[in-house]
Structures are given as C-alpha cells and as structure tokens.
Trainee: 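Mind looking over this structure? Questions follow.
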Amino acid sequence: MKTKKEAIYIIETLKEYYPDCRCSLDFGSPFEMMIAVMLSAQCTDERVNKTTPSLFAKYNTPEAIAKMDLKELEEIIHPCGFYKNKAKNIKACSQKLLDDFGGIVPNDMESLQSLPGVGRKSANVIMLEAFHNPVGIAVDTHAKRISNKVGFSSQEEPVKIEQDLLKAIPKKYYFDVNHLLVWHGRNICMARKPQCEECPINTNCNFYQNLKDNERLLEPLKIS
C-alpha cells in the first residue's frame, strides 16, 4: 500500500503529464451522462460518442426513452455491444426515474445505485461528471490494473480497491484521479504492452521496480 505522501506525488506527477485529461464521454445533461455511462460498459467511449447523437437527437429525456419502442432502442445502441441488456436497463432506469424521482437524475450515491443498470462504478462517474461532487473513485479496468501494478491495492474486487484508493488519496484529488488513471491506462500502462520505460511514475511503481530487481538478479547469469 502506498502512503498518502506517495499517493499525492503519483497523482501530482500524472497531473503534470496529462494536463488536459478529462471525461471522454459527450453529454449535455445528467440524464445523457447516465445513459452514456451505461452504454460505455465493455465498450469504448469513442464508440459511445458515435452512437449517442442519433439517440439523443430524439430521445434525451426519461419520458422519451420510457415511451420508445424497445426494438428501436436496441437498433440504435447495437454498436455499443450487449445491446439487449443495455436497452432493457435503459428503459427500466428511465421508468424508475419517472416513478420515483420525478424524472430527475438523483445526485446521491444510494439513489443512483437503486437505478437499473447503475452500479457503484457508474454512480461514481455520474457524481463526478454530472454533479461535480465526487464522493468516491470509480474503479474500471484501467483503475484496477494501475492500482495493482503501482501498489495502491493488492485487491481484485473493485469495491475493495476503491476503499484502498480512498485511504491513500486525499479527497481534493477525487476530481482528478479518475481521469488520470483512465488516460494513463490508455496511453502508457496498457494491459498487453505497458510502456514502463516511458512511464512518468515508474520510480514509484511496484511492478516496474520488481522488473528492474529481476533484471539485476539476472545480470551475473548473463555475464557468465
């Protein structure tokens, strides 16, 4: 586990390295943000951004989506994958917003997670992007991979990884850490071929330091 001092250094270093990092999803309202996040599950943000304009052009409110034909919704969001399950959740979520929240996206974690298709990770993203009030840290595949490699957490479950991140990272960095981990995971710390030598935080990364230690141990064998 990293200390707070180490965590702050890592976050500050990444902020300098990615000065323009931000959310990659396009949206114009909290409801559009929520739908975009639901579509982004196991799908790239780029693909979501190519899909949502045709959806939001006609259906960008809970009322509109609750009334739309399920087959039409499935057809529109088909490129995002898992379209049948996503369409079902989007319709159910829209109806629940109308029934329980007056058609307004709630701005608290508990209420958000009561909506069909909205788990803790999605709720964290919505709180950050739609309401500018992050209360946690969304743990997606990038955050999980980097947390394990760097040494923020040795856990595998996203909820437990988030708890370790929250212990190490001061709240004032919650606005930044989500974007930073996503951008770092896409640009440097990729799953298949991480660019460790180019990484700005490699001196604070457990994975990289272990690689260098192993290389040093093998040096005598190479010489002989």
Trainee: Drop me the distance from Gln42's CD to Leu39's CG, to the nearest 0.5 angstrom.
Mentor: 13.0 Å
Trainee: Taking Glu162 for its side chain and Pro158 for its backbone only, find out whether a donor-acceptor pair lies under 3.5 Å.
Mentor: no
Trainee: May I ask you to decide if Lys167's main-chain N or O and Lys4's side chain share a donor-acceptor pair within less than 3.5 Å?
Mentor: yes
Trainee: Nearest 0.5 angstrom please: Ile90 CD1 to Lys88 NZ, how far?
Mentor: 13.5 Å
Trainee: Do any pairs count as a salt bridge (charged side-chain N to carboxylate O under 4.0 Å, His left out) and have a residue in residues 142-153, sequence neighbours left out, and if so which ones?
Mentor: Lys144-Glu156
Trainee: Which pair of heavy atoms, one from Asp164 and one from Ser153, lies closest together, and at what distance?
Mentor: OD2-OG, 2.7 Å
Trainee: Check residues 103-110 and write down every donor-acceptor pair under 3.5 Å in which the side-chain atom is one partner and the other belongs to a residue at least two apart or another chain.
Mentor:
unit_1, atom_1, unit_2, atom_2, d
Asp108, OD1, Ser111, OG, 2.9
Asp108, OD2, Glu110, N, 3.4
Asp108, OD2, Ser111, N, 2.8
Asp108, OD2, Ser111, OG, 3.0

Trainee: What distance separates Leu14 CG from Ile146 CD1, expressed to the nearest 0.5 Å?
Mentor: 7.5 Å
Trainee: Under 3.5 Å, is there a donor-acceptor pair between the side chain of Gln209 and the main chain of Asn202?
Mentor: yes
Trainee: Below 4.5 Å, heavy atoms only, C-beta onward: do Glu46 and Ser24 meet side chain to side chain?
Mentor: no
Trainee: Please name all residues satisfying salt bridge (charged side-chain N to carboxylate O under 4.0 Å, His left out) with Lys67, sequence neighbours left out, ordered by chain then number.
Mentor: none
Trainee: Under a 4.0 Å N-O cut-off, is there an ion pair linking Arg186 with Asp45?
Mentor: yes
Trainee: Within the side chain of Lys121, is there an N or O that forms a donor-acceptor pair under 3.5 Å with the backbone of Asp140?
Mentor: no
Trainee: State whether the side chain of Lys91 and the backbone N or O of Met68 hold a donor-acceptor pair below 3.5 Å, judged by distance alone.
Mentor: yes
Trainee: For Lys160, enumerate each residue passing the salt bridge (charged side-chain N to carboxylate O under 4.0 Å, His left out) test, keeping only those at least two apart in sequence or located in another chain.
Mentor: Glu157
Trainee: Can you list the residues that meet the side-chain contact (heavy atoms from CB on, under 4.5 Å) rule with Glu197, with sequence neighbours excluded?
Mentor: Tyr208, Lys212
Trainee: Indicate, with yes or no, if Val159 and Val118 share a hydrophobic cluster defined by side-chain heavy-atom contacts under 4.5 Å among Ile, Leu, Val, Met, Phe, Trp and Tyr.
Mentor: no
Trainee: Cluster partners of Leu128, using ILVMFWY side-chain heavy atoms under 4.5 angstrom, listed by chain and number?
Mentor: Phe175
Trainee: For a quick test of reading the model, state the closest non-hydrogen atom pair linking Ala138 to Val125 and the distance between them.
Mentor: CB-CG2, 3.7 Å
Trainee: Hey, what do you get for CE (Met127) to OG (Ser122), rounding to the nearest 0.5 Å?
Mentor: 13.5 Å
Trainee: Applying salt bridge (charged side-chain N to carboxylate O under 4.0 Å, His left out) as the test, list every pair that has at least one member in residues 93-105; sequence neighbours left out.
Mentor: Lys96-Asp100
Trainee: According to ring-ring contact (aromatic ring centres under 6.0 Å, His included), does anything in residues 5-25 pair up with another residue at least two apart or in another chain? List the pairs.
Mentor: Tyr18-His184
Trainee: Please determine whether residues Val139 and Met38 belong to a single hydrophobic cluster, defined as Ile, Leu, Val, Met, Phe, Trp and Tyr linked transitively by side-chain heavy-atom distances below 4.5 Å.
Mentor: no
Trainee: Working to the nearest 0.5 Å, report the span between SG of Cys93 and CD1 of Ile35.
Mentor: 5.5 Å
Trainee: Is the closest side-chain heavy-atom distance between Val48 and Cys80 below 4.5 Å?
Mentor: yes
Trainee: Tell me, please, which residues at least two apart from Lys193 pass salt bridge (charged side-chain N to carboxylate O under 4.0 Å, His left out).
Mentor: none
Trainee: Could you walk me through whether Ser29 and Phe56 satisfy the side-chain contact (heavy atoms from CB on, under 4.5 Å) test, starting with their C-alpha distance in whole Å, then the side-chain angles of each, then the deciding distance to 0.1 Å, before giving a yes or no?
Mentor: CA-CA 11 Å; Ser29 68; Phe56 295 155; over 6 Å; no
Trainee: So, taking the atom named CG in Asp176 and the one named CD in Glu12, what distance separates them when rounded to the nearest 0.5 Å?
Mentor: 8.0 Å
Trainee: Are more than 12 heavy atoms from other residues, nucleotides or ligands located less than 6.0 Å from atom CD of Glu75?
Mentor: no
Trainee: Is it possible for you to say whether Leu97 and Leu73 belong to one hydrophobic cluster, with membership spreading through side-chain heavy-atom contacts below 4.5 Å?
Mentor: yes
Trainee: Any non-hydrogen side-chain atom of Leu180 less than 4.5 Å from a side-chain atom of Lys15?
Mentor: yes
Trainee: Of all the heavy-atom pairs spanning Arg22 and Trp183, show the shortest one and how long it is.
Mentor: O-NE1, 3.1 Å
Trainee: What about Val182 and Val37, same hydrophobic cluster or not, with Ile/Leu/Val/Met/Phe/Trp/Tyr joined at side-chain heavy-atom distances under 4.5 Å?
Mentor: no
Trainee: Group every Ile, Leu, Val, Met, Phe, Trp and Tyr by side-chain heavy-atom contacts under 4.5 Å, then state whether Ile161 and Ile201 land in the same group.
Mentor: yes
Trainee: Are Lys2 and Asn204 linked by a side-chain donor-acceptor pair shorter than 3.5 Å?
Mentor: no
Trainee: Answer whether the closest heavy-atom distance between the side chains of Ile137 and Ile169 falls below 4.5 Å.
Mentor: yes
Trainee: Working note: Leu115 + Met34, criterion side-chain contact (heavy atoms from CB on, under 4.5 Å); need CA distance, chi angles, decisive distance, verdict.
Mentor: CA-CA 10 Å; Leu115 298 170; Met34 181 168 61; 3.7 Å; yes
Trainee: Which other residues end up in the same hydrophobic cluster as Phe207, if Ile, Leu, Val, Met, Phe, Trp and Tyr are linked when side-chain heavy atoms come under 4.5 Å apart?
Mentor: Leu211
Trainee: What's the shortest heavy-atom distance between Ala168 and Ala7, and which atoms?
Mentor: O-CB, 3.4 Å
Trainee: In chain order, what residues pass the ring-ring contact (aromatic ring centres under 6.0 Å, His included) check against Tyr83, with sequence neighbours excluded?
Mentor: His78
Trainee: Tell me the closest heavy-atom pair linking Leu166 and Gly136, and the distance in Å.
Mentor: CD2-CA, 4.0 Å
Trainee: So, using side-chain contact (heavy atoms from CB on, under 4.5 Å) as the criterion, who are the partners of Asn49 when residues are at least two apart?
Mentor: Leu25, Asp26
Trainee: Hey, are the side chains of Glu129 and His179 touching, using non-hydrogen atoms and a 4.5 Å cut-off?
Mentor: yes
Trainee: Do you know which two heavy atoms are closest between Ala64 and Tyr59, and how far apart they sit?
Mentor: O-CD2, 3.7 Å
Trainee: Kindly say whether Cys43 contributes a backbone atom to a donor-acceptor pair with the side chain of Ser40 at under 3.5 angstrom?
Mentor: no
